[in-house]
Amino acid sequence: MRQTLHDLRRLAGERKLAMLTCYDASFAAVLEAAEVDSLLIGDSLGMVIQGHDSTLPVTVADVAYHTRAVVRGSSRAWIVADMPFGSYQQSPQQAFASAVELMQAGAQMVKLEGGAEMAPTIAFLVERGIPVCGHVGLTPQHVNAFGGYRVQGRGGDAQSVRAAAEAVEDAGAAMLVIEAVPEPVARAIAARNRSITIGIGASVACHGQVLVLHDMLGAGVGRRPRFVKNFLDGETSIAAAVHRYVEDVRAGQFPQADHIYADNPQKT
Ligand code: KIV
């Protein structure tokens, strides 16, 4: 039976959660057999599946298509679908319409990027029965505003990442992806214990970890961020690589020092 949010919250209190992105039925079955707790149909599909150089061209229809495939290939994992660029920023009503499409494709939760500016939208969705996962720190849909894929929250910016996380959690997000921020910033957000925090280039103190599937199999395109580890190295199959990822996350062995960021770039 498919896990519920209640199951996921209980598990997060007992052990670390392993999440991976997934875009099709075959990989969904492999990931689930390795006991990955949650599958994210990320808008990273724009890069690793469609070959774009950012996530911006992805549409709700694209994510819905891949969500249906992942749902058909799995039966237990918690399913999170990304709200693509332009599908939710305009208004809570626009976000609701996009989220409905993704939930009807089989998502159990939708993920959106941003901080306090998204709080009313998150509350609007949550009040209408749609579980929300926030995403703070390096939010790839803001690549043009950031001037590239850069670590966020260093020095004086630490407080703005923490404030973004607090606003998203206080608005009712049940899960929060924290991407590419200094480890102490991520640790402090996780310590609030207000949502299920999922780190990617963040901290081992988060309740769980996520990676882009293609990246952790050494098949990523373009930049290879510091937080990526190729789990296929030294393994003889994809199943074994995913299994090792799950074991390392659960044991608190991933991420290690070389996959996270110090608050001072000299230290990394
Ligand atoms: O789109 C995606 O794959 C993501 C992960 C990097 C968290 O948002």
Side-chain angles (χ1 to χ4, degrees), residues 17-24 27-28 31 36-60 62-67 69-70 77-89 98 102 107 109-115 118 132-143 146 149-152 161 164-165 168 173-181 186 189-190 195-203 206-217 219-229 245 249 254-255 259-261:
L17 301 179
M19 183 188 224
L20 282 174
T21 68
C22 188
Y23 317 98
D24 67 44
F27 270 105
L31 270 45
V36 173
D37 298 295
S38 178
L39 303 178
L40 168 65
I41 299 85
D43 60 357
S44 50
L45 71 86
M47 300 170 88
V48 298
I49 304 288
Q50 299 174 334
H52 296 296
D53 62 1
S54 79
T55 60
L56 303 192
V58 176
T59 65
V60 175
D62 292 335
V63 180
Y65 171 88
H66 289 280
T67 299
V70 169
W78 176 253
I79 304 290
V80 184
D82 242 336
M83 302 262 271
F85 178 67
S87 73
Y88 61 93
Q89 291 92 343
S98 303
L102 298 177
M109 173 178 253
V110 296
K111 177 165 86 60
L112 53 81
E113 300 181 4
M118 294 316 305
V132 174
C133 174
H135 186 157
V136 298
L138 171 50
T139 44
Q141 293 175 16
H142 295 81
V143 60
F146 290 157
Y149 296 99
R150 299 169 188 280
V151 179
Q152 301 294 309
V161 172
V168 166
M175 188 182 271
L176 178 65
V177 168
I178 308 170
E179 178 167 353
V181 305
I189 296 169
S195 68
I196 301 170
T197 53
I198 305 288
I200 172 164
S203 171
C206 292
H207 299 89
Q209 304 294 326
V210 64
L211 282 177
V212 170
L213 177 63
H214 293 57
D215 287 347
M216 60 83 72
L217 295 176
V221 287
R223 71 192 176 109
R224 179 177 165 177
R226 176 185 180 87
F227 51 73
V228 169
K229 175 175 173 181
Y245 168 73
V249 169
F254 180 79
H259 309 119
I260 57 177
Y261 300 92

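Count residues from 1 along the sequence. A quick note: this is a predicted structure, and the numbers were derived from the prediction, not measured. First listed ligand is number 1; within each ligand, the first listed atom is number 1.
Interface atoms of ligand 1 facing Ile200, defined by a heavy-atom separation under 4.0 Å, are 6 (C). Short contacts between ligand 1 and His135, defined as distances under 4.0 Å to a heavy atom of the residue, involve ligand atoms 8 (O). Residue Gly42 approaches ligand 1 through these ligand atoms, each under 4.0 Å from one of its heavy atoms: 1 (O), 2 (C), 3 (O).
When non-hydrogen atoms are compared, ligand 1 lies under 4.0 Å from the side chain of Thr21 (C-beta onward) but not from its backbone. Of all the heavy atoms of Leu40, the ones lying under 4.0 Å from any atom of ligand 1 belong exclusively to the side chain. Of all the heavy atoms of Asp82, the ones lying under 4.0 Å from any atom of ligand 1 belong exclusively to the side chain.
Smallest separation of non-hydrogen atoms from Ile200 and Gln209: N-OE1, 4.3 Å. Counting all heavy atoms, side chain and backbone alike, Val63 lies closest to Ala81 at CG1-CB, 4.0 Å. Listed here is the closest heavy atom pair of Leu176 and Ser195: CB-OG, 3.5 Å.
The one candidate from Thr55, Asp43, Asp82 that meets the side-chain hydrogen bond (donor to acceptor under 3.5 Å, both in side chains) condition with Gln141 is Asp43.
For Asp43, a nitrogen or oxygen atom sits less than 3.5 Å from a nitrogen or oxygen atom of ligand 1, counting backbone and side chain alike.
For the pair Met216/Phe254, no side-chain contact is recorded, criterion being any heavy-atom separation below 4.5 Å from C-beta on. Annotation: side chain of Phe146 is in contact with side chain of Leu138 (closest heavy-atom distance under 4.5 Å). Side-chain contact between Val181 and Tyr261: absent, with no pair of heavy atoms (C-beta onward) separated by less than 4.5 Å.
Residue nearest to atom 8 (O) of ligand 1, selected from Met19, Lys111, Gln209, Met47: Lys111 (by heavy-atom distance).
Protein heavy atom closest to atom 2 (C) of ligand 1, with residue, atom name and distance, is Ser44 OG, 3.3 Å.
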